[in-house]
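This is a predicted model, so every value here is computed, not measured.
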Amino acid sequence: MLYLFLPVAATVLYSLATEWNSTVLPEGLTLKWFAELYGDPRFLQAFGRSFVLSFLTTVVAVVIIVPAVFSIVVYAPRMEKLVQLFVMLTYAVPGVIMAVGLIRTYSGNGIPMIVITAGAYLVGLLPYLYQGTRNSLLALHARSLMEAAELLGASRWQAFVRIIVPNIMSGIFVSALLSFSILFGEFVLINILVGGRYETLQLYLYNKLSASGHVASAITVTYFVLMAIITSLIVRFTRRSFARKEVS
């Protein structure tokens, strides 16, 4: 616990320190660095870009991947092993190699690189959304529910939207939050593919590291707080999902 949280505590203290050069603890505390950070339009723009890019990509990924996973689990279970193999292959490609390949393939085709980056992000989210949705569907016995709904006169689309999705919403939400947090902190692809043309929070932090360590620490603390909120939401919805399973 000390190994994990001591660097975090030191970062928080440094973001609040007036000076911290030759003493064990900061010589004084101030909110000056946070005021300077939140008053910088560049930071607000970078934060907004990171949020919009991560949020929209996650929403598109959920809309595409959840119905696809549902179709495979319920109607084509024999394809699961093959699909899992392809999904897991996304882990095998390092971000730098992927970025170089995307540049060689799509540069000069007229497609904005930010769109290419969003597409790469979407593929990168496959393992998280696939596994989370699949586990929720298997725990729900989605195949039996679909058969019962169709016997009662519902179409496949009606049964999916009105029965399956509401019952696996907690699993979808947890997977989406995890995906969002991963995208929000991504640095390699956005730095190589887009760079300073679309400055996100991670690029802004990278640029600030050489300018002001106090401001960089304030950015890191802000990021920690956001991730803590997302983590608490994931834990809350996961516990709620387990509680529902125990009741059922």
Side-chain angles (χ1 to χ4, degrees), residues 50 53-106 111 113-146 156-157 159-161 163-194 200 202 227 230-231 233-235 237-238 241-242 245:
S50 291
L53 180 61
S54 303
F55 179 79
L56 291 181
T57 304
T58 302
V59 170
V60 172
V62 168
V63 170
I64 294 174
I65 295 173
V66 170
V69 175
F70 165 79
S71 301
I72 293 168
V73 171
V74 175
Y75 299 111
R78 294 182 179 180
M79 294 180 60
E80 276 197 74
K81 291 185 178 179
L82 180 62
V83 172
Q84 284 180 345
L85 175 63
F86 284 114
V87 168
M88 292 302 116
L89 282 177
T90 57
Y91 286 122
V93 183
V96 175
I97 295 176
M98 181 185 293
V100 173
L102 290 171
I103 290 174
R104 290 181 64 87
T105 304
Y106 293 104
I111 304 175
M113 292 309 295
I114 189 63
V115 176
I116 303 301
T117 304
Y121 282 173
L122 193 148
V123 174
L125 295 183
L126 271 172
Y128 310 101
L129 286 172
Y130 174 83
Q131 201 60 44
T133 305
R134 177 180 177 273
N135 291 341
S136 298
L137 290 170
L138 292 178
L140 185 65
H141 303 290
R143 194 177 307 170
S144 300
L145 277 180
M146 287 296 296
R156 290 183 177 181
W157 176 251
F160 173 70
V161 172
I163 299 174
I164 301 298
V165 171
N167 281 283
I168 64 171
M169 185 57 70
S170 60
I172 295 174
F173 192 69
V174 168
S175 301
L177 284 174
L178 179 61
S179 303
F180 175 85
S181 63
I182 291 170
L183 290 187
F184 199 84
E186 202 283 325
F187 174 75
V188 175
L189 282 177
I190 193 72
N191 184 41
I192 297 177
L193 294 178
V194 182
T200 60
Q202 297 300 320
M227 292 303 104
I230 292 176
T231 302
L233 289 173
I234 291 175
V235 172
F237 278 89
T238 302
S241 178
F242 283 145
K245 291 176 185 176

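In this structure, the side chain of Thr105 does not engage the main chain of Leu102 through any donor-acceptor pair within 3.5 Å. With hydrogens and angles disregarded, no donor-acceptor distance shorter than 3.5 Å links the side chain of Arg134 to the backbone of Val69. A donor-acceptor pair under 3.5 Å is formed between the side chain of Ser181 and the backbone N or O of Leu178. Here the side chain of Asn191 pairs no donor or acceptor atom with the backbone of Phe187 at under 3.5 angstrom.
Atom CE of Met146 and atom CD1 of Ile163 lie 7.5 Å apart (nearest 0.5 Å). To the nearest 0.5 angstrom, Ile182 atom CD1 is 7.0 Å from Leu125 atom CG. A distance of 5.0 Å separates CG of Leu122 from CD1 of Ile64, quoted to the nearest 0.5 Å. In this structure, CG on Leu126 lies 6.5 Å from OG1 on Thr90, to the nearest 0.5 angstrom. Separation of atoms CG (Asn135) and CD1 (Ile168) is listed at 11.0 Å; rounding is to 0.5 Å. To the nearest 0.5 Å, atom CD of residue Gln202 and atom CG of residue Leu189 are 12.5 Å apart.
Atom CE of Met79 has 12 or fewer neighbouring heavy atoms from other residues, nucleotides or ligands inside a 6.0 Å radius. More than 12 non-hydrogen atoms from other residues, nucleotides or ligands lie less than 6.0 angstrom from OH of Tyr75.
The heavy-atom pair separating Tyr130 from Ile65 by the smallest distance is N-CG2, 4.3 Å. Contact detail for Gly124 and Pro127: the closest heavy-atom pair is O-CD, 3.4 Å. For Ala118 against Leu53, the heavy-atom pair with the smallest separation is CB-CD1, 4.2 Å. Closest heavy-atom contact between Ser175 and Thr133: OG-N, 4.2 Å.
Legend: residues meeting side chain to side chain donor-acceptor pair (under 3.5 Å) with Glu186, ordered by chain and number and at least two apart, are Tyr121.
Figure legend: Arg156 and Phe70 shown without cation-pi pairing, the cationic atom not lying both under 6.0 angstrom from the six-membered ring centre and within 45 degrees of its axis.
Inter-residue side-chain proximity for Arg143 and Pro77 is flagged as met; some heavy-atom pair is nearer than 4.5 Å. Residues Val62 and Ile172 are in side-chain contact: their nearest non-hydrogen atoms beyond the backbone lie under 4.5 Å apart. At least one side-chain heavy atom of Phe160 sits under 4.5 Å from a side-chain heavy atom of Val66. Taking 4.5 Å as the limit, some side-chain heavy atom of Ile190 sits within range of a side-chain heavy atom of Ile114.
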